[in-house]
Colleague: 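If you scroll down you'll find the structure; I have some questions about it.
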Amino acid sequence: MIKLRSRRFWRCSSKLSEGVSDDGAADIEWELRPGGMLVQKRENGGGQDGKLIRVRVSSVSDSHEITIGANATFGEMKMMLSMVTGLEPQEQRLLFKGKEREDHDFLHMVGVKHMDKVLLLEDPASKEMKMQDLRRAKAPEKCCQAIAV
């Protein structure tokens with residue numbers, strides 16, 4: 001956290017001098033956002049440090065609710081969803097507000113808030129690979145059945 005002094009409130013009346021130091025300059029606290037932007041620190045719940053949010057995740061067949069940190073990434077969300085759904089993180093595609101989100105995107109930077117809905121889709125390439133593996137596994141069974149009859 002960086003503290004800088006502002007001369008903006010240099011001339012202020014006595015009733016407005018709460019946040020002003022003894023030399024007349026206001027103390028402003030700054031924070032560095034994950035995107036690299038230096039901004040004025042928010043007061044009273046404006047920041048999302050340490051907050052947990054509940055996110056609704058819908059897939060084609062079912063829906064889940066997970067609790068995750070507000071400053072987490074979509075990659076971390078995929079790791080949590082892999083425990084719930086059984087899909088590996090590289091097999092998952094997460095969509096929020098109609099766009100697929102990358103693993104390194106932060107939830108709070110994209111705008112995910114408490115009880116927002118995220119759509120979970122299975123990656124079509126991995127789905128096709130699973131179907132091919134299933135066909136290969138069934139092919140010897142059909143041959144054995146044909147010979148047995």
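All values below come from the heavy atoms of this structure, side chains included, with hydrogens, waters and symmetry mates left out. Just so you know, residue 1 is the first one in the sequence shown, and it goes up from there.
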Colleague: Can you name the side-chain hydrogen bond (donor to acceptor under 3.5 Å, both in side chains) partners of R93, sequence neighbours left out?
Modeller: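 With neighbours one apart ignored, the set is E100.
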Colleague: Each residue besides L121 in its hydrophobic cluster should be listed here, by chain and number; the cluster joins Ile, Leu, Val, Met, Phe, Trp and Tyr at side-chain heavy-atom distances under 4.5 Å.
Modeller: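 Members other than L121 - counting any ILVMFWY side chain reachable under 4.5 Å - are V60, L95, L119.
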Colleague: Is the side chain of Q92 donor-acceptor paired with the backbone N or O of L87 at a distance under 3.5 Å, no angle test?
Modeller: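 Checked: pair present.
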Colleague: Excluding sequence neighbours, so at least two apart, what forms side chain to side chain contact (heavy atoms under 4.5 Å, CB included) with V84?
Modeller: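 Counting only residues at least two positions away or on another chain, V84 forms a side chain to side chain contact (heavy atoms under 4.5 Å, CB included) with H64.
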Colleague: Mind checking what makes ring-ring contact (aromatic ring centres under 6.0 Å, His included) contact with F106, not counting sequence neighbours?
Modeller: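 Expected list: H108.
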Colleague: Within the supplied structure, the quantity of interest is the number of heavy atoms (other residues, nucleotides, ligands) at a distance under 6.0 Å from M80 CE; does it exceed 12?
Modeller: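 Enclosed.
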Colleague: Kindly write out the residues that satisfy salt bridge (charged side-chain N to carboxylate O under 4.0 Å, His left out) with E102, not counting sequence neighbours, or none if the list is empty.
Modeller: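 Result, salt bridge (charged side-chain N to carboxylate O under 4.0 Å, His left out) vs E102: none returned.
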Colleague: For residues 66-75, which residue pairs pass the salt bridge (charged side-chain N to carboxylate O under 4.0 Å, His left out) check, not counting sequence neighbours?
Modeller: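 For residues 66-75, and leaving out neighbouring residues, there are no salt bridge (charged side-chain N to carboxylate O under 4.0 Å, His left out) pairs at all.
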Colleague: Of all residues at least two apart in sequence or in a different chain, which pass the side-chain hydrogen bond (donor to acceptor under 3.5 Å, both in side chains) check with H114?
Modeller: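 Per chain and number, H114 pairs via side-chain hydrogen bond (donor to acceptor under 3.5 Å, both in side chains) with no residue.
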Colleague: In chain order, what residues pass the side-chain hydrogen bond (donor to acceptor under 3.5 Å, both in side chains) check against R33, with sequence neighbours excluded?
Modeller: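 Partners of R33 under the side-chain hydrogen bond (donor to acceptor under 3.5 Å, both in side chains) test: none.
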Colleague: Apart from V39 itself, what residues make up its hydrophobic cluster when side-chain heavy atoms of I, L, V, M, F, W and Y under 4.5 Å apart count as a link, directly or indirectly?
Modeller: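 Cluster partners of V39: M37.
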Colleague: What pairs meet the side-chain hydrogen bond (donor to acceptor under 3.5 Å, both in side chains) rule with one or both residues in residues 73-89, with sequence neighbours excluded?
Modeller: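 For residues 73-89: K78-D103.
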Colleague: Show the nearest heavy-atom pair for residues R101 and F74, with the distance to one decimal.
Modeller: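 So the minimum-distance heavy-atom pair works out to CG-CZ, 3.6 Å.
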Colleague: Can you sort out the partners of S58 under side-chain hydrogen bond (donor to acceptor under 3.5 Å, both in side chains), two or more places apart, ordered by chain and number?
Modeller: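 Checked S58 against side-chain hydrogen bond (donor to acceptor under 3.5 Å, both in side chains); zero matches.
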